[in-house]
Amino acid sequence: AEENRDLTAPRTHRPLPDTPNVWNRFERIEASVPDRIAVEFANERLTYAELGSAVRQLARSIDGAGCGPLVPLLCRRDANAVVGLLGILAAGRCFLPVDLSQPRQRIDSLLQDCASDHVVDASSQPVLRASGVAPGPPCPLTVGACYVLYTSGSTGRPNGVVVGHESVLNLLTELEQRAAIDGGRCSWWTNVGFDVAMYEVLSALLFGRTLCIPDDAVRNSPPDLFAWLCRKNIDSAYLPPFLLRDFHDIVARSQECGLQRLLVGVEPISQWLLTSISTVLPRLTIINGYGPTEATICATLMTIDRTDDS
């Protein structure tokens, strides 16, 4: 009964974002903080102005080649990927992130299925090149969309999911309203083909923050990752379920971490564990999100109540 009351209770209306386009939103941020660091990866740092310049150069190449509405982006979790995805959006196209760490068979399958004549290769400096596959008729749903992600195919053939700009901005607005942060540094942990990566990247760059990217050695070592989060003064992060117990044990011992917002989810997580982390770090707001790719990263969100010890 209590659950039913929660589901049927009146909801406060929250208007959709006033700028229903990710690239337009980025341009506004770039104009307001051009000298702020937008991306940090290894020894590389790009200001918003430098990032915007690289993005526009790539966008001109895409426009000049007359690319269709969907442009695959061959990339890894690094600064080149950021230039690539924004460059495709700046050219008015929709991007399909193709993680280069995947098996070659999966990469070839995605490129064949989307049948785009060009790709942006961001394995190093992002460049536009021929895809090497026979082009097919464009999917009308991708016209004016933000990105396409393919499902894992665990239940059969992978399916491409088209996500619009309004959906992305609406989710980011909701998360900001639930847990606004007064800091300006966000981390990027997930692989580029996972939809949470869209949250990690855009929750930084569409709000004038710095996107900090750990290298793989740090990312795959819980002690090193948590030391990196502290050393880099990260304010907002996503952590996968399998890291949360280690995170709890480390912060319980040190009680030192400047995180203000933590997104978790994907699979069931102990309420006790999340409440305990939240209690140890009183400045931290934890949001537990769940949803399929089709629902734009999260279909449900729950802000953890640190007073709930159930």
Side-chain angles (χ1 to χ4, degrees), residues 16-17 19-26 55 58-59 62-63 65-75 81-82 84-100 102 106-122 126 128 131 133-175 190-203 205-206 265-266 289-301:
L16 289 171
T19 308
N21 181 291
V22 167
W23 171 245
N24 290 346
R25 175 67 177 262
F26 176 83
V55 164
L58 177 59
I62 295 170
D63 274 333
C67 295
L70 175 62
V71 179
L73 171 63
L74 307 180
C75 60
V82 177
L85 71 87
L86 287 176
I88 294 169
L89 293 177
R93 272 72 169 186
C94 170
F95 69 91
L96 163 64
V98 180
D99 186 356
L100 287 171
Q102 298 177 112
R106 163 92 174 171
I107 294 173
D108 291 343
S109 173
L110 297 184
L111 295 179
Q112 290 285 346
D113 193 67
C114 71
S116 297
D117 53 357
H118 287 81
V119 300
V120 169
D121 186 345
L128 185 72
S131 66
V133 303
C139 172
L141 294 176
T142 61
V143 177
C146 185
Y147 64 82
V148 171
L149 284 178
Y150 275 76
T151 59
S152 65
S154 58
T155 59
R157 185 170 178 266
N159 295 305
V161 177
V162 182
V163 177
H165 289 262
E166 295 89 344
S167 299
V168 175
L169 293 171
N170 189 40
L171 176 68
L172 294 176
T173 298
E174 173 66 21
L175 286 163
T190 56
N191 289 328
V192 293
F194 183 41
D195 56 0
V196 174
M198 303 303 109
Y199 158 76
E200 292 178 286
V201 172
L202 297 177
S203 65
L205 299 179
L206 299 190
V266 181
Y290 178 78
T293 300
E294 292 85 344
T296 312
I297 307 172
C298 295
T300 62
L301 295 169

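Atoms considered below: every heavy atom in the structure, side chains included; atoms not considered: hydrogens, waters and symmetry mates.
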Which atoms form the tightest heavy-atom contact between [X] and [Y], and what is the distance?
X	Y	result
L149	P97	CD2-CG, 3.3 Å
V119	S131	CG1-CB, 3.6 Å
V133	A115	CG2-CA, 4.3 Å
P292	A299	CD-CB, 4.4 Å
R106	Y150	NH2-O, 3.5 Å
V71	R93	CG2-CG, 3.9 Å

Looking at residues at least two apart in the chain, or sitting in another chain, which of them share a side chain to side chain donor-acceptor pair (under 3.5 Å) with [X]?
X	answer
D108	R104
Q112	none
D121	S123, R129
Y290	none

With rounding to the nearest 0.5 angstrom, report the [atom1] to [atom2] distance, [X] to [Y].
X	Y	atom1	atom2	result
Y147	L85	OH	CG	11.0 Å
L73	L100	CG	CG	8.5 Å
R25	L172	CZ	CG	8.0 Å
E294	S167	CD	OG	12.0 Å
L205	L86	CG	CG	6.0 Å
F194	E200	CZ	CD	8.5 Å

I'd like to check the side chain to side chain contact (heavy atoms under 4.5 Å, CB included) partners of [X]; sequence neighbours left out, ordered by chain and number.
X	value
H118	A65, C67, L128
C298	L171, L301
S116	L70, P72, C114

**Request:** For residues 136-151, pull every pair meeting salt bridge (Lys or Arg N to Asp or Glu O under 4.0 Å), keeping only residues two or more places apart or in separate chains.
**Result:**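 Every candidate salt bridge (Lys or Arg N to Asp or Glu O under 4.0 Å) pair involving residues 136-151 fails, so no pair, neighbours aside, qualifies.
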Please tabulate, one pair per line, all N/O donor-acceptor pairs under 3.5 Å involving side-chain atoms of residues 134-141, not counting sequence neighbours.
none

**Residues that F26 engages under ring pair (Phe, Tyr, Trp, His ring centres under 6.0 Å), provided they are two or more places apart** = W23, Y48
**Message:** Would you say that I297 contacts V163 through its side chain, given a criterion of any heavy-atom pair below 4.5 Å between the two side chains?
**Reply:**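 Not touching, per the 4.5 Å side-chain cut-off.
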**Derivation of the side-chain contact (heavy atoms from CB on, under 4.5 Å) call for L111 and L74** = CA-CA 10 Å; L111 295 179; L74 307 180; 4.2 Å; yes
**Request:** Among V266, V196, V201, D195, find the residue that satisfies the side chain to side chain contact (heavy atoms under 4.5 Å, CB included) test when tested with T190.
**Result:**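 Single pass found, and it is V196.
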**Prompt:** Between T151 (side chain) and N159 (backbone), is there a donor-acceptor pair under 3.5 Å?
**Reply:**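 At least one qualifying donor-acceptor pair exists.
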